[in-house]
Amino acid sequence: MSSIYCRDIRNIRGIGEKRAQALGKLGVFSLFDLISYFPRRYEDRSRLKPIALVQNGETVCIQAVCAEEPRLSRIRRGLDIVRFRAFDDTAQVSITFFNQPYVRNQIHRGDSFRFFGKMEVRGSLHSLTNPVFESESVPFSSTGTIVPVYRLRAGLQQRFLRQSIRLGLDACRDDIPDLLPEGIRLAYGLMDAARAYEAVHFPEDLASLAQARRRFVFEELFLLSCALGMRRQKSREGILLPMPDFSVFYDSLPFRPTDAQLRAVREAASDLSSGCQMNRLLQGDVGSGKTLVAAALVWQCRQAGCLALMMAPTQILAQQHYQTLSALLEPLGVRVGLLTGAMKAKEKREVQTQLDSGALDLLIGTHALLCEGLHYPGLALTITDEQHRFGVDQRAKLATSEESADKSRSFLPGEGLSPHVYVMSATPIPRTLALIIYGDLDVSILDELPPGRQAVDTFCVDSRYRVRLLAFIRKLCAEGRQVFVVCPKVEEEEFSESVVSAEGPDLSPASAVEEAERLRRELPELQIACIHGRMKPVEKDAVMQAVLNGNTDVLVSTTVIEVGVDVPNASLMIIENAERFGLSQLHQLRGRVGRGSHKSYCVLVTDSDSDDARSRMKIMCGTTDGFRIAEEDLRLRGPGDFFGARQHGLPEMHVADLGADTETLMCAKQAADRLLLEDPGLLRDEHAVLHRRVKMMTEKWNGTLN
Ligand code: ADP
Ligand code: MG
């Protein structure tokens with residue numbers, strides 16, 4: 001018998017070419033895909049409610065007897081109505097179906113049915129429109145039980161999916177391979193695969209559903225941990241960059257590194273000098289001083305006569321790194337270059353010439369670094385800033401040598417060894433989640449801010465405070481400070497190609513442009529500038545330069561300044577329509593101020609009084625701890641939004657609600673690590689299913705990388 005991974009869904013009764021195609025669009029091709037197509041949610045129709053107790057707008061399941069023959073009336077061409085009354089012991093309900101004339105043949109006077117739908121109550125009149133209905137005897141019950149609701153595509157219906165999955169499950173009843181080794185299953189008290197698949201699609205009660213769900217959450221995280229763990233095991237030979245005497249570097253700095261910075265440098269530097277390839281993540285809250293750590297590593301690289309690359313997600317940031325790192329490193333003899341997508345072909349060729357002749361030690365750029373067909377002789381270290389902005393795919397490109405088909409795109413170090421990879425992220429990720437998301441990386445953490453930083457005072461106001469806010473802006477600018485104003489897009493609008501391209505999606509600039517104009521009228525004595533993602537790179541550079549030089553008092557922007565911009569003189573961040581931002585984004589934005597020694601403020605402006613918005617504002621006003629905020633964010637939004645699959649580049653999580661399942665997450669990770677210690681290649685017979693599934697996952701993954 002062929003395995004359920006290969007058996008085509010067209011072998012299932014009722015699935016023909018057309019539906020198979022529709023299912024294919026959902027990623028369902030094999031029998032295994034079908035039974036793994038989990039419900040998006042469930043409706044609890046297991047409890048029947050007496051009609052009289054149902055409230056207006058409530059979605060319920062009732063059981064009622066049809067009081068009369070349904071009447072069909074044709075209101076006009078294309079609009080049929082079937083209507084009848086039904087009742088239970090407590091009340092009567094009027095039931096209406098639009099454009100389902102066949103209902104008349106299915107429901108007759110005196111029949112008892114369960115109806116599921118949203119009840120409208122006006123006085124003593126109850127009515128249901130287009131309810132789901134069923135008599136008790138139907139086989140694929142969609143009322144009177146806990147009913148799975150699947151994500152659909154055109155050409156598919158809930159009932160069809162339920163039925164197909166039923167047949168699918170029956171077809172492989174004794175044949176569902178369990179990837180979890182029995183020992184692990186028992187140790188963590190998890191349901192076996194066959195029962196879990198049954199319960200996730202056809203739950204008998206909420207308890208068994210919860211158990212099934214727990215098993216799949218565990219399974220998913222376990223698989224991911226195994227896959228990442230196996231990646232990490234493959235520690236490859238790396239370019240040896242001897243440990244330098246860092247005191248030379250530290251002595252040249254204008255300030256003393258924090259202990260956290262010293263530790264982070266030590267960790268990475270010993271990787272670099274180990275002879276194995278480094279794959280390390282530096283996690284540090286905004287303003288924790290990641291750039292300095294990067295500079296130290298670049299210096300180490302240069303001491304060995306090798307080239308380092310640094311990739312930033314935006315032009316602005318690349319430019320800024322260029323300035324900061326030149327200032328830090330050029331006095332030490334490190335030659336720094338800049339390459340951006342905006343440069344002319346001729347300029348790029350010049351950079352290549354410099355690279356070829358060994359005239360550069362560090363090249364900074366946007367991901368133009370990856371795309372311009374450049375090659376990098378002597379490359380030993382790649383640093384990616386604000387890693388969360390790039391996907392795993394780009395990270396993989398940075399680390400690639402022999403795997404890349406297109407050699408010109410990869411970074412080939414002289415001796416054919418892969419360069420070291422260092423990624424830096426300011427998105428605080430709850431530690432547990434980081435273990436999974438970055439399971440293939442070693443992690444350093446900057447958990448300390450440079451001294452002298454004051455917490456940013458955060459307030460939440462509504463738009464009536466505008467006058468007072470203007471006065472506040474005036475006051476701070478009179479003291480010589482600078483102000484950021486961030487505006488989200490106001491209207492839903494498709495991202496245009498040009499905007500999405502180089503710098504990631506930017507919000508519609510309209511609101512920022514308008515706000516800047518308004519402020520120019522209201523504060524004519526101040527220099528007000530505006531920056532957004534649709535401006536040309538040279539224009540952006542000019543605006544940012546004016547901000548850094550102190551020539552601009554107020555910078556109004558879309559979220560382009562979210563990542564990394566460092567203007568220590570800025571002491572007020574105003575976020576308009578703050579309710580439109582997620583917590584982590586608000587935290588990032590707030591991190592743009594409070595970077596110098598000046599007392600700094602963040603004002604969240606919102607007129608929203610939704611509970612959700614309120615709780616976000618409250619958290620923001622209550623803490624500046626990025627990790628706490630990240631945890632709250634995860635809790636409020638769930639991981640799907642927290643890390644869009646596109647952002648972290650990992651396979652989409654189907655079941656795991658990483659926020660709520662920290663416990664399960666830790667268990668799964670622990671179990672995977674232990675197992676890989678015993679059987680690193682998952683080569684034992686009893687791990688065959690697991691091995692196969694890990695391979696499937698990795699393949700899917702590699703598929704999404706291209
Ligand atoms: P981030 O981690 O957000 O990238 P940066 O590297 O931009 O942070 O550093 C933020 C600011 O703190 C910069 O102005 C930098 O010069 C300053 N800084 C970094 N390290 C220290 C330190 N040890 N002491 C004082 N200031 C520091
Ligand atoms: Mg930074």
Side-chain angles (χ1 to χ4, degrees), residues 246-247 249-266 268 280-299 310-329 331 362 364-366 383-390 422-429 443-456 481-482 484 504 544 547-550 560-571 573 584-585 587-598 600 602 624-627 629-630:
F246 275 108
S247 62
F249 174 78
Y250 292 138
D251 289 347
S252 76
L253 296 176
F255 39 65
R256 278 189 41 176
T258 63
D259 288 342
Q261 283 170 325
L262 292 172
R263 191 179 60 233
V265 172
R266 224 169 23 240
R280 187 173 280 278
L281 167 75
L282 175 65
Q283 251 207 290
D285 208 343
V286 277
S288 56
K290 292 183 289 296
T291 317
L292 176 71
V293 180
L297 302 182
V298 169
W299 185 72
M310 181 158 185
M311 185 159 88
T314 66
Q315 195 101 23
I316 295 176
L317 208 51
Q319 183 79 40
Q320 185 186 291
H321 278 321
Y322 176 66
Q323 284 172 3
T324 315
L325 289 168
S326 302
L328 282 175
L329 291 169
L362 168 64
I364 299 171
T366 55
I383 299 172
T384 310
D385 194 17
E386 307 298 350
Q387 134 74 19
H388 66 290
R389 281 292 169 119
F390 301 101
Y422 199 61
V423 295
M424 310 200 289
S425 172
T427 306
I429 303 162
V443 180
S444 296
I445 292 182
L446 289 184
D447 50 5
E448 183 185 354
L449 293 180
R453 293 284 169 75
Q454 306 175 39
V456 177
R481 302 286 80 73
Q482 287 162 289
F484 288 130
M544 280 320 290
V547 173
L548 287 165
N549 295 342
V560 283
I561 64 157
E562 181 196 344
V563 266
V565 177
D566 187 32
V567 184
N569 189 45
S571 68
M573 164 63 70
S584 291
Q585 215 178 1
H587 180 65
Q588 287 286 322
L589 288 170
R590 178 168 60 184
R592 298 308 113 215
V593 296
R595 297 168 84 83
S597 53
H598 310 291
S600 297
C602 174
T624 50
D625 178 342
F627 283 96
I629 289 173

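Just so you know, these numbers come straight off a predicted model, no measurement behind them. Atoms within each ligand, like the ligands themselves, are counted from 1 in listed order.
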Look only at interatomic distance and state if G287 has a nitrogen or oxygen under 3.5 Å from any nitrogen or oxygen of ligand 1.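 Between G287 and ligand 1 (N or O atoms, distance only) the closest approach is under 3.5 Å.
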
Any N or O of G289 closer than 3.5 Å to N or O of ligand 1: yes

Derivation and outcome, salt bridge (charged side-chain N to carboxylate O under 4.0 Å, His left out), residues K290 and D285: CA-CA 9 Å; K290 292 183 289 296; D285 208 343; over 6 Å; no

P257 heavy atom under 4.0 Å from ligand 1: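 True for this residue.
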
Is the contact between M424 and ligand 1 made by the side chain, the backbone, both, or neither, using heavy atoms and a 4.0 Å cut-off?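 No part of M424 comes within reach of ligand 1.
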
Here the atoms of ligand 1 under 4.0 Å from any heavy atom belonging to T258 are 23 (N)

Please list, in number order, the atoms of ligand 1 under 4.0 Å from a heavy atom of R256. 22 (C), 23 (N), 24 (N)

Looking only at non-hydrogen atoms, the one of T291, D285, D259 nearest atom 4 (O) of ligand 1 is T291

Could you check whether any side-chain heavy atom of I383 comes within less than 4.5 Å of a side-chain heavy atom of M311, counting everything from C-beta outward? no

Any side-chain heavy atom of Q283 within less than 4.5 Å of one from L446? no

Measure across H321 and A312 and return the closest heavy-atom pair with its distance rounded to 0.1 Å. CD2-CB, 4.1 Å

Can you see which heavy atom on G594 is nearest to which on V456, and at what distance? CA-CG2, 4.0 Å

Let me confirm one number: the CH2-OH distance from W299 to Y250, rounded to the nearest 0.5 Å. 9.5 Å

